[in-house]
S.K.: 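One structure coming up, written as structure tokens, with questions to follow.
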Amino acid sequence: MVIPSILEHAHTLAGRAVEEGGVAVDATVGNGHDTAFLARAVGPDGSVVGFDVQEKALAEARECLEAEAPAASVRLVHAGHQTLARHLDEAKQGRVGAIMFNLGYLPGGDHSITTRPETTRQALKASAEVLRPGGVITTVAYTGHEGGKAEAEAVETWVSALPQEQFRALSYRFPNWSNDPPRLFAVEKRRDA
Ligand SMILES: C[S@@+](CC[C@H](N)C(=O)[O-])C[C@H]1O[C@@H](n2cnc3c(N)ncnc32)[C@H](O)[C@@H]1O
């Protein structure tokens, strides 16, 4: 297929923003696929910090990382992404190249444990602050589960209100997808701001 899927496009954008030896954040670790992607992108001299509220997710992610990015420097934090700024040491603040959010529930896990609009908004706000100029936040929002549509709308509201002189923002979706289309939002901190 020529048109990238939502997840492929998120990876392309995050991959363009991270540098070897740089810093990246996975705000929703889940099974660890995005964490492993970021770990490979920053390489052995870079570092990745990942957040999840479920120990089960972090355990799955550790296995995924062992298989897919064994040499990487990854710190997995068992805490909500809304605490992101508190868990990033000062040297990393303002240096993060890419921050990935993949909202919703853990595939294969408890569907009642999902990301929430208010904490997601807090985490996005903190992310915009720790991002380096030229860095990108990608957010994939699903609309098919309870609360998913409201969360996607909350992300869209937050993204749409960002000052154009400081951030470039993108919304990516498939308009003829009839059932609960997922959305990708991306935000780039301008270098010239
Ligand atoms: C769709 S999954 C992420 C999938 C993951 N990116 C992957 O590649 O496998 C969403 C994850 O967000 C986690 N989550 C829910 N609330 C959270 C919060 N406040 N902070 C961080 N993670 C949270 C869930 O536990 C779940 O594992």
Side-chain angles (χ1 to χ4, degrees), residues 4-15 17-18 24-42 48-70 72 74-88 92 96-131 136-155 158 172-173 180-187:
S5 72
I6 293 271
L7 290 177
E8 281 169 350
H9 203 33
H11 280 195
T12 300
L13 296 171
V18 288
V25 170
D26 187 350
T28 51
V29 167
N31 292 319
H33 301 294
D34 294 331
T35 323
F37 165 76
L38 290 170
R40 287 193 302 270
V42 297
V48 178
V49 183
F51 294 85
D52 206 291
V53 292
Q54 297 190 69
E55 188 50 59
K56 173 181 161 52
L58 298 178
E60 296 284 346
R62 276 184 206 105
E63 279 189 25
C64 175
L65 286 163
E66 243 166 67
E68 292 185 23
V74 178
R75 185 157 63 90
L76 296 178
V77 182
H78 185 200
H81 42 215
Q82 59 277 19
T83 65
L84 183 145
R86 232 184 295 154
H87 288 282
L88 276 192
K92 292 192 173 69
V96 184
I99 305 178
M100 299 188 79
F101 288 76
N102 189 337
L103 302 177
Y105 54 79
L106 179 67
D110 181 344
H111 289 200
S112 71
I113 306 174
T114 68
T115 52
R116 309 263 170 209
E118 182 49 25
T119 39
T120 297
R121 200 191 56 76
Q122 290 167 9
L124 286 169
K125 187 168 178 284
S127 297
E129 279 161 21
V130 301
L131 211 58
V136 158
I137 304 168
T138 62
T139 305
V140 177
Y142 301 92
T143 58
H145 62 282
E146 208 187 322
K149 278 195 184 67
E151 188 172 38
E153 279 165 21
V155 175
W158 180 79
Y172 184 68
R173 70 192 175 100
D180 306 322
R183 302 275 305 268
L184 167 66
F185 300 94
V187 168

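As the structure lists them, so they are numbered: ligands from 1, and atoms in each ligand from 1. Predicted model, so just to flag it, every value in this text is computed and none were measured. Side chains included, hydrogens not; waters and symmetry mates left out as well; all remaining heavy atoms used.
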S.K.: Answer yes or no: is there an ion pair linking Glu55 with Arg62, defined by an N-O contact shorter than 4.0 Å?
M.R.: yes

S.K.: Which ligand 1 atoms are under 4.0 Å away from a heavy-atom of Gly80?
M.R.: 18 (C), 19 (N), 20 (N)

S.K.: Find all atoms of ligand 1 within a distance of less than 4.0 Å from any non-hydrogen atom belonging to Asn31, and give their numbers and elements.
M.R.: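 What qualifies from ligand 1 is 7 (C), 9 (O).
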
S.K.: Looking only at protein heavy atoms, which one is nearest to atom 20 (N) of ligand 1, and what is the separation?
M.R.: His81 N, 2.8 Å

S.K.: Can you list the atoms of ligand 1 that are under 4.0 Å from a heavy atom of Ala27?
M.R.: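 What qualifies from ligand 1 is 21 (C), 22 (N).
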
S.K.: Can you report which non-hydrogen protein atom sits closest to atom 2 (S) of ligand 1, along with the distance?
M.R.: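 That would be Tyr105 O, 3.4 Å.
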
S.K.: Any heavy-atom pair between the side chains of Gln122 and Thr119 that's under 4.5 Å?
M.R.: yes

S.K.: Please identify which of these residues, Leu76, Val74, Leu106, meets the side chain to side chain contact (heavy atoms under 4.5 Å, CB included) condition with Val29.
M.R.: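 It is Leu76; the other options fail the test.
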
S.K.: Please check: side-chain N/O of Thr115 versus main-chain N/O of Gly104, any donor-acceptor pairing under 3.5 Å?
M.R.: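 Looks like yes, one N/O pair under 3.5 Å.
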
S.K.: Set out, in order, the CA-CA distance, both residues' side-chain angles and the distance that settles side-chain contact (heavy atoms from CB on, under 4.5 Å) for Ser127 and Leu84, then state yes or no.
M.R.: CA-CA 8 Å; Ser127 297; Leu84 183 145; 3.7 Å; yes

S.K.: So, the side chain of His78 versus the backbone of Val53: is there a donor-acceptor pair under 3.5 Å, distance only?
M.R.: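 Between the backbone of Val53 and the side chain of His78 there is a qualifying donor-acceptor contact (under 3.5 Å).
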
S.K.: Could you tell me which atoms of ligand 1, counted from 1 in the order shown, lie closer than 4.0 angstrom to a heavy atom of Gly32?
M.R.: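 So the atoms of ligand 1 that pass are 7 (C), 9 (O).
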
S.K.: State the atoms of ligand 1, each with its element, that fall below the 4.0 Å cut-off from a heavy-atom position in Asp34.
M.R.: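 In order of number, 6 (N), 8 (O).
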
S.K.: Which one of Asp52, Val140, Thr83 has a non-hydrogen atom at the shortest distance from atom 24 (C) of ligand 1?
M.R.: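 Among Asp52, Val140, Thr83, the closest heavy atom to atom 24 (C) of ligand 1 belongs to Asp52.
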
S.K.: Has the side chain of Thr143 got a donor or acceptor atom that lies under 3.5 Å from a matching backbone atom of Asp180?
M.R.: yes

S.K.: For ligand 1, is there an N or O atom under 3.5 Å from any N or O atom of Asp26?
M.R.: no

S.K.: How close do Ala79 and His87 get, heavy atom to heavy atom, and via which atoms?
M.R.: CB-NE2, 3.9 Å

S.K.: Give the intermediate values and the outcome of side-chain contact (heavy atoms from CB on, under 4.5 Å) for residues Thr83 and Val77.
M.R.: CA-CA 10 Å; Thr83 65; Val77 182; 5.6 Å; no

S.K.: Parallel, tilted or perpendicular: which one describes the rings of His11 and Phe37, with boundaries at 30° and 60°?
M.R.: parallel

S.K.: Heavy-atom distance under 4.5 Å between the side chains of Val187 and Leu124, does that happen here?
M.R.: no

S.K.: Report the C-alpha distance between Leu103 and Val155 in whole Å, list the side-chain angles of each, state the deciding distance to 0.1 Å, and finish with yes or no for side-chain contact (heavy atoms from CB on, under 4.5 Å).
M.R.: CA-CA 10 Å; Leu103 302 177; Val155 175; 4.0 Å; yes

S.K.: Enumerate the atoms of ligand 1 whose separation from the nearest heavy atom of Val53 is less than 4.0 angstrom.
M.R.: 14 (N), 15 (C), 16 (N), 17 (C), 18 (C), 19 (N), 20 (N), 22 (N), 23 (C), 25 (O)

S.K.: Please state which part of Arg116 comes within less than 4.0 Å of ligand 1, counting heavy atoms only: side chain, backbone, both or neither.
M.R.: neither

S.K.: Which bit of Leu103 is near ligand 1, meaning a heavy atom under 4.0 Å away: side chain, backbone, both or neither?
M.R.: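 Just the backbone.
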
S.K.: Considering non-hydrogen atoms of the protein only, which is the closest contact for atom 5 (C) of ligand 1, and what is the distance?
M.R.: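 Answer for atom 5 (C) of ligand 1: Val29 O, 3.2 Å.
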
S.K.: Out of Thr115, Thr119, Ile113, who is nearest to atom 16 (N) of ligand 1 when you count heavy atoms only?
M.R.: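 Nearest option to atom 16 (N) of ligand 1, by heavy atoms: Thr115.
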
S.K.: Please list the nearest protein heavy atom to atom 19 (N) of ligand 1 with its residue and the distance rounded to 0.1 Å.
M.R.: Gln82 OE1, 3.1 Å

S.K.: Which ligand 1 atoms are under 4.0 Å away from a heavy-atom of Gln54?
M.R.: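 Going through ligand 1 atom by atom, the ones under 4.0 Å from Gln54 are 24 (C), 25 (O).
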
S.K.: Suppose we measure from atom 10 (C) of ligand 1 to each protein heavy atom; which comes out shortest, and what is that distance?
M.R.: Asn102 O, 3.3 Å

S.K.: Of the backbone atoms (N, CA, C, O) and the side-chain heavy atoms from C-beta on, which set of Tyr142 has a member under 4.0 Å from an atom of ligand 1: side chain, backbone, both, or neither?
M.R.: neither

S.K.: For ligand 1, which atoms sit closer than 4.0 Å to a heavy atom of Thr114?
M.R.: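 Near Thr114, meaning under 4.0 Å from one of its heavy atoms, ligand 1 has 15 (C), 16 (N).
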
